[in-house]
Amino acid sequence: MSGHDDGRGAEERLVSGDAASPEEEVIEAALRPKQLDDFIGQDRVREQLSLVLHSALRRGRTPDHVLLSGGPGLGKTTLAMIIAAELGRPLRISSGPAIERAGDLAAILSTLSEGEVLFLDEIHRMARPAEEMLYMAMEDFRVDVVVGKGPGATAIPLDIAPFTLVGATTRAGMLPGPLRDRFGFVAHMDFYGPAELEVIVQRSARLLDVRIDDDAAAEVAGRSRGTPRIANRLLRRVRDFAEVRTGGEVTRDSARAALKLYEVDERGLDRLDRAVLGSLLRKFGGGPVGLSTLAVSVGEEPETVEVVAEPFLVRQGLLARTPRGRIATPAAWAHLGLTAPPTAPLAGALFDLDEPGTGTD
Ligand SMILES: Nc1ncnc2c1ncn2[C@@H]1O[C@H](COP(=O)(O)OP(=O)(O)OP(=O)(O)O)[C@@H](O)[C@H]1O
């Protein structure tokens with residue numbers, strides 16, 4: 001479960017893709033589709049994965065290792081669980097940050113049973129020596145266990161049971177080439193479309209015993225930033241509102257009123273996103289303005305603005321990063337109901353220029 005080290009807990013943000021709390025994880029577990037057929041959206045990934053798994057099953061072999069890449073909350077953990085279930089094999093779960101030494105990985109690998117599925121979340125954050133051990137394990141189902149220290153140390157090769165590694169990463173670009181190359185199947189998970197999210201909201205509502213009409217489900221889906229985790233979270237908030245204020249059933253009006261209360265607007269922007277955008281427009285005439293200045297103007301750290309707010313604003317085509325600073329697009333003025341002054345930057349000409357050294361989305 002990935003998180004941001006920006007000093008701003010994901011639990012504060014309804015619209016963050018990151019998992020918020022242990023309680024949320026319990027609810028998520030209940031909402032997870034258990035089979036490939038129940039997994040909504042990502043049609044291409046689903047079909048390709050189905051072929052990989054079922055051909056391996058027919059041949060009686062362990063399938064190729066699978067790498068799942070995509071933003072937080074898009075269903076990587078869910079797919080790993082589904083892979084194990086489809087194969088009828090046990091699933092072992094660990095994560096890159098939990099593997100600090102090669103020995104931590106050796107302890108896991110040496111106790112895997114034949115055909116077991118090993119899920120390593122945030123695999124890009126694994127310690128280097130462990131990564132090297134993993135190369136050999138993935139390729140030859142073998143690890144070298146080093147016994148002793150200094151000149152007398154010896155490497156004892158140890159066979160391990162054939163297994164399937166499912167790695168998940170939010171940063172495929174950060175994976176070293178040799179590791180990426182050892183995955184036989186790499187799946188890129190995209191953001192979900194509104195129609196898919198609507199189906200996810202309706203399915204979750206059924207499982208949670210929430211009555212929600214189609215318009216309300218569409219309303220929640222449209223504000224979920226393409227992310228099932230956020231859709232499920234917004235659903236629970238609109239359910240609370242409907243239960244307490246409007247007699248139980250979630251209608252479009254009650255969903256709108258609830259999401260207004262929680263400050264999530266029609267495009268899924270929350271208070272922070274709107275503050276950043278509002279400041280860029282009102283205080284800086286649409287930019288260009290440097291990241292630090294923009295951050296000070298909303299009372300946040302530059303990293304918070306850059307990591308938490310900007311990627312979605314850029315994705316929505318509301319803000320652009322240029323060598324001269326951040327600028328608002330014409331859509332940003334329209335979204336906040338403001339009129340661009342004649343001096344506003346002609347943002348369109350600069351859209352694809354990234355400010356050097358400011359990090360990526
Ligand atoms: N395709 C889908 N259909 C239905 N529900 C989904 C789908 N994808 C994700 N979900 C739901 O969204 C929630 C988050 O999914 P999941 O934990 O698998 O995301 P993730 O990509 O592993 O996130 P992280 O990167 O934080 O580990 C779960 O409750 C899951 O039920």
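Whatever order the structure lists ligands and atoms in, that order sets their numbers, starting from 1. We use all heavy atoms of the structure for the numbers below, so side chains are in, but hydrogens, waters and symmetry mates are not.
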Closer than 4.0 Å to some heavy atom of [X] - which atoms of ligand 1 meet that?
X	result
D121	27 (O)
R32	16 (P), 17 (O), 18 (O), 31 (O)
N232	11 (C), 12 (O), 29 (O)
T78	15 (O), 16 (P), 18 (O), 30 (C)
P33	3 (N), 4 (C), 5 (N), 31 (O)

So, for [X] and [Y], which heavy atoms are closest and what is the spacing to 0.1 Å?
X	Y	answer
F191	R225	CD2-O, 3.6 Å
I327	G287	CG2-C, 4.0 Å
L74	D190	CD1-O, 3.8 Å

Student check: side-chain heavy atoms of [X] and [Y] closer than 4.5 Å:
X	Y	answer
D214	Q202	yes
D240	V244	no
F183	M138	yes

For this session: Consider ligand 1: state whether an atom of it lies below 4.0 angstrom from any non-hydrogen atom of G73.
Result: yes
Problem set entry | Under-4.0 Å heavy-atom contact with ligand 1, by part of T77 that carries it |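 T77 to ligand 1: contacts from backbone and side chain alike.
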Exercise. How does D18 reach ligand 1, if at all, at less than 4.0 Å between non-hydrogen atoms: by side chain, backbone, both, or neither?
Worked result: neither
Exercise. Taking the minimum heavy-atom distance to atom 19 (O) of ligand 1, which of G75, A29, G71 ranks first?
Worked result: G75
So is [X] polar-close to ligand 1, meaning N/O to N/O under 3.5 Å?
X	result
R229	yes
I40	yes
Y192	yes

For this session: Can you label the angle between the F141 ring and the F163 ring as parallel, tilted or perpendicular, going by 30° and 60°?
Result: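 The rings of F141 and F163 stand perpendicular, inter-plane angle above 60°.
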Exercise. If you draw the axis of the six-membered ring of F119, does the NZ or CZ of R92 fall within 45° of it and under 6.0 Å from the ring centre?
Worked result: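 No, R92 does not sit over the ring of F119.
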